[in-house]
Every structure is written in structure tokens, then in C-alpha cells.
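All chains are named by letter (A, B, ...) in the order of the sequence lines, taking the proteins before the strands, and each is independently numbered beginning at 1.
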Amino acid sequence: MSEKDEKIKSLVDMGFSEDEANMAITRCGDVDLWELVDSISASRITEDSHSRNLSDHQITDRCFDSFGGRKKARLMEESKKKRNRYGGRAQGNQPSLDGSHDEPMPLPNPMVGFNLPGYLQPSVTRILPKQDTGPPFFYYENVAQAPKGVWATISRFLYDIQPEFVDSKHLCATARKRGYIHNLPIENRSPLLPMPPKTIFEAFPHYKKWWPSWDLRTQLNCLRTNVASAKLTERIGRALASSDSPPARSVQKYVMNECRKGNLVWIGKNKVAPLEPEEMEYLLGFPKDHTRGLGITERYKSLGNTFQVDTVAYHLSVLKVMFPNGVNVLSLFTGIGGGEVALHRLGIHMKAVVSVEIRKANKRIFRGWWDQTQTGTLIEIDDVKSLTDDRIVSFVSRFGGFDLVIGGSPCNNLAGCNRYNRDGLEGEQSALFYHYFRILNAVKSAMARM
DNA sequence: CTGATGATGATTAGTGGC
DNA sequence: GCCACTAATCATCATCAG
């Protein structure tokens, strides 16, 4: 299969037609896949606004501002340069030859977003262009520590809105460094109450008993989808048992390294263990036993992939006064329903949720929670690829539009702990981001015609 | 066939000495 | 600036037991 054919196949997989793919390649030449997507989306929306009633000034302005002007100029600029994927390990910090470079997207330190409850930092004020404010509101999430250039690309697609990077360790006892791009107001936010504990001992007081004085951790690292093996925790136990008290520095170093990597806690003398699923549910802001009923492996996988509810709820809290009668939600990559749990805990009624989630285990958990706690309408869809523009128009018509489009697209090909397929935003799963983009634009477009 | 288990580095950013 | 070092990280695969 030629390179061109592969690109066409990828674009078709993303939900574009073969004609559109061919035209984009003709227009742009031999450029990266994401630039082709950009080009197709630009021409789609430009056509859309041409074929529509031109008295709709807001939409017309919006399209030409966002795509007709800036983006085309930028495409010409950037299509000249070759992008340097990680893979050439010999290249290191090689400066770009033509002088151009991706605009840097540094992660803030401390990673506290625009503001956080209880932090007396200067609260950021931001003014979004009118065309980027809702309706609909949207909320997009992914891992903060993605490969270079990924967040710059995501931000570019999502209307050049600056990501809000937040480490959930500032809100709860476990780290979770994530980037959020949204068009929600950022004033007058309010946290879920009660505020979750921020330290390991506050969250799990019984671990004090066996916690050695030389383990200085007060918070846990990011909860992931896998757990340390029993063999590993046994090795740690043996190393400590055959050591002095306190252990030699080299032993301490080995043990602490493994404890940090595996998020291990002290459950006995010289005995460490990974967290239980129930403890993860608690740290992440879910109700007790939210994922109960799945196998242990599935529970860890589902929990490792979800939102930290308090963090997301803090951002979504501004919706409460805006929608006293409830919201219609389009939920992409729903997972176990972190966004919905956040809305529920905020006391925001969900009139209807259209949920797209492909894993059966997640669907079962979410459906179970919904049936027990909600009275609104739930519509389940398996795959973002099958949520076509036509179906979106139909849903928008049926529900009178969506108030919130929320979702975090797959991080598989972005996450640092992936040894095998960390190939960036164009990776097999992470490329589904472009469906988030496509679907969001389809919703905006359909709602503009209401 | 399905689910549980155990083993498997690299890419980033930051720090501190020189 | 350069280099050694510390540190964190929504994962994947082969294999095994049932």
C-alpha cells in the first residue's frame, strides 16, 4: 500500500469520505496526516457557511476567522517543514534547520490551572472570542505529559483555546496531571463538598501504623491501569527483612523507587501492597463500589482511565446556575462516567445523555449507575465512528441541542508508560481525538441552524 | 477461550554542579 | 551552556491457570 493510500485509509477511518481525503491530498501535497484533517475540516466549514443563509453573521464570521484566515496561512507556513517524530534518538535537541518550531506549550509549575479552591494565587481572567463561547459548552481532557507538540496541535484544533493544566494532587491525595480545554467561564467556580483529603494519612489513617519514617511520601502518584505484582512486593519484603533497621540507604532507595512506581502502601511489617480498587474509587471521587461487579483487572483498567471527579466538577460547577432545569449532554469516551458523576455530585440534573463508549465493562458500570441514580434519558452508542453527522443532526433536533459536549479522548499513544505504541496523536487510539473535533463541530454546526 | 499475572524502557521536564 | 542525575508516567505483551 502506498503512502498516499495509507493516508486515505486513515482519513476514512477517522470518518471522512474518500473524496474528501483525495481532495485534501491534492490540495496540500505530501504533508502530515493531521494537516490533511485540518484542511478537510476547514473546507467543510467554509462550504457549510457558504451554502447557508449568509445573514447568519456570527457563524460566518466565526468560520472565516478560525479557518478561512489564520489557519490557511498557518498551513502554508507549516507544510514546508518536516516534523520530527521521536524515534530518532540520536537527534536529541537538534535545532530545526529552517528556523521554524512548534510554539512551545510549557506545563505550568505549580500545575494549578487557572485557579483552584483554597489557593491564593492570582486568578486568571480570560476572554474568549464570542464565536467560541457556548452554546454548546465543551470540555476536553487528556494527559498533560504528552509527547512534544501534541498539546499545541490539540489546542490548534480546539479553536486555539489555551489548555488548563491541573494536577489533581492539589485537590486530593493522588497526582493526576491532565490538560483540559474548554469554553466554560472560569469565574465563580465552587468545589465539591466536603473537600477530599489531600494526604495519604488523611485518606487512609490506618496506613500510619506500618509506614516507615524514611518513606517521606505524603501523596500518591498517578493511578494507572496496572498493578504491581505480588512477586515484586515479596522481593521488597525480603530485601527489608534481611536488612538492618532502618535499612541501608541503598535498600531504602530500591524500595522507595518501587513504591513510587507502583503506588505501594504499607500494610504490615516490611509489607507493601498496591491500592485496592475501592481505595482508587475513593481517591478519584466516585461512590463506593462504583466499579464493583467487574473482574479485578477490568476494575483497575477502568479506574486508571477515568477522570478525577473533584477536579472536573470544580470546572463544571459554573453550569449549575446557568442551567437550573438541567442539561443535555453529549458524552464522548464516557468510560465509567466520570463527567456524569461530577455533574450529579454538583446537583446538576441531566435531562438527557448521549453516551459513546466502546468497552462493554465500562458500559455496564455506567448503565448500572445511571439506572440507580438518574431519571433522565440515556442513549448509548458504541463507537464515535458510528456517530455520523446525520445522527448528530437528528439528536440535536430531538433534544433541542446539547448544553455540554464532554470527553477525554484515548491517551494510549500519548502516555509515558506505554513502551510499545507511544506514537503520538496519530496513533491508533489517540487519533480518535479527531472524532471529538469532528463531532463537536457537527454539533456546533447543527445548533447554529436551529 | 478468558481473565489474571508478571515483566517490559523511553520520553519528557527539572535540578544542580561545573 | 553542558552533562549527569532524579523523577514521573489514564500501558502493552506473552504467558499461565482455570
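Atom pair Arg178(A):CZ and dA8(C):C1' shows a separation of 12 Å (rounding to whole Å applied). One atom, NZ of Lys261(A), and another, P of dG6(B), lie 15 Å apart when rounded to the nearest Å. Rounded to whole Å, the distance from CG on Leu294(A) to P on dG3(B) is 10 Å. Here dA11(C) presents its P atom at 10 Å from NZ of Lys301(A), a figure rounded to the nearest Å. The CZ-C1' distance, from Arg217(A) to dT6(C), rounds to 16 Å in whole Å. Between Met105(A) atom CE and dT11(B) atom C1' there is a gap of 18 Å when expressed in whole angstrom units. Here the P atom of nucleotide dA8(C) and the CG atom of Leu107(A) are 15 Å apart, to the nearest Å. Computed from coordinates, the Tyr300(A) OH to dG6(B) C1' distance equals 15 Å when rounded to whole Å.
If you check every strand for non-hydrogen atoms under 4.0 Å, Arg299(A) touches nothing. Residue Asn257(A) is classed as having no contact, given no heavy-atom separation below 4.0 Å to the nucleic acid. Contact annotation for Cys222(A): backbone-only contact, meaning every heavy-atom pair under 4.0 Å involves sugar-phosphate atoms and none involves a base. Contacts of Arg260(A) with the nucleic acid, taken as non-hydrogen atoms under 4.0 Å apart, involve only primed sugar atoms and P, OP1 or OP2. Backbone-only engagement by Ala175(A) is indicated by non-hydrogen atom pairs under 4.0 Å involving sugar-phosphate atoms exclusively. Contacts of Ala230(A) with the nucleic acid, taken as non-hydrogen atoms under 4.0 Å apart, involve only primed sugar atoms and P, OP1 or OP2. Heavy atoms of Lys169(A) sit nowhere under 4.0 angstrom from any nucleic acid atom. Among the heavy atoms of the strands lying under 4.0 Å from Ile296(A) are primed sugar atoms or P, OP1, OP2 only; no base atom is included. If you check every strand for non-hydrogen atoms under 4.0 Å, Ser409(A) touches a base.
Residue Ser229(A) places its side chain closer to dG6(B) than to any other of dG6(B), dT8(B), dC10(C). The side chain of Cys417(A) sits closest to dA11(C) out of dA11(C), dA13(B), dC10(C). Of the listed nucleotides (dT12(B), dA7(B), dT9(C)), dT9(C) has the atom at the smallest distance from the side chain of Gln145(A).
Both cation-pi conditions hold for Lys444(A) and Tyr159(A): the charged atom is under 6.0 angstrom from the six-membered ring centre and inside a 45 degree cone around its axis.
For the P atoms, the distance linking dC10(C) with dG14(B) amounts to 16 Å, nearest Å. Taking atom P on both dT8(B) and dT9(C), the two are 22 Å apart, rounded to the nearest angstrom.
Of all non-hydrogen atoms in Leu404(A) and Leu316(A), the two that sit nearest each other are CD2-CD2, 4.3 Å.
With hydrogens and angles disregarded, no donor-acceptor distance shorter than 3.5 Å links the side chain of Arg178(A) to the backbone of Val166(A).
One finds no side-chain N or O of Asn418(A) lying less than 4.0 angstrom from the OP1 or OP2 phosphate oxygen of dA10(B). Between Thr297(A) and dT5(B), a side-chain N or O to OP1/OP2 separation shorter than 4.0 Å is absent. Here Lys231(A) does not reach the OP1 or OP2 of dA7(B): none of its side-chain N or O atoms lies under 4.0 Å away. The side chain of Arg224(A) places an N or O atom within less than 4.0 Å of a non-bridging phosphate oxygen (OP1 or OP2) of dA11(C). Contact check, Arg235(A) against dA7(B): a side-chain N or O comes under 4.0 Å of OP1 or OP2.
Consecutive Watson-Crick or G-U pairs involving DNA chain C, each under 3.5 Å on both distances, make up stems of three or more pairs at B:1-8 with C:11-18, B:10-18 with C:1-9.
Residue-environment remark: NZ (Lys271(A)) stays at or below the threshold of 12 foreign heavy atoms within 6.0 Å. More than 12 non-hydrogen atoms from other residues, nucleotides or ligands lie less than 6.0 angstrom from NZ of Lys363(A). In the displayed structure, Gln429(A) atom CD is contacted under 6.0 Å by more than 12 heavy atoms of other residues, nucleotides or ligands. Heavy atoms from other residues, nucleotides or ligands lying under 6.0 Å from CG of Asp289(A) number more than 12.
Side-chain N/O atoms of Asn221(A) and base N/O atoms of dA8(C) include no donor-acceptor pair closer than 3.5 Å.
Nearest-nucleotide mapping onto DNA chain B: of Gly295(A) and Gly416(A), the residue sitting toward the 5' end is Gly295(A).
Taking the centre of each ring, Tyr434(A) and Phe157(A) come in below the 6.0 Å mark.
A salt bridge does not link Arg292(A) with Glu278(A): none of the charged nitrogens is closer than 4.0 Å to a carboxylate oxygen.
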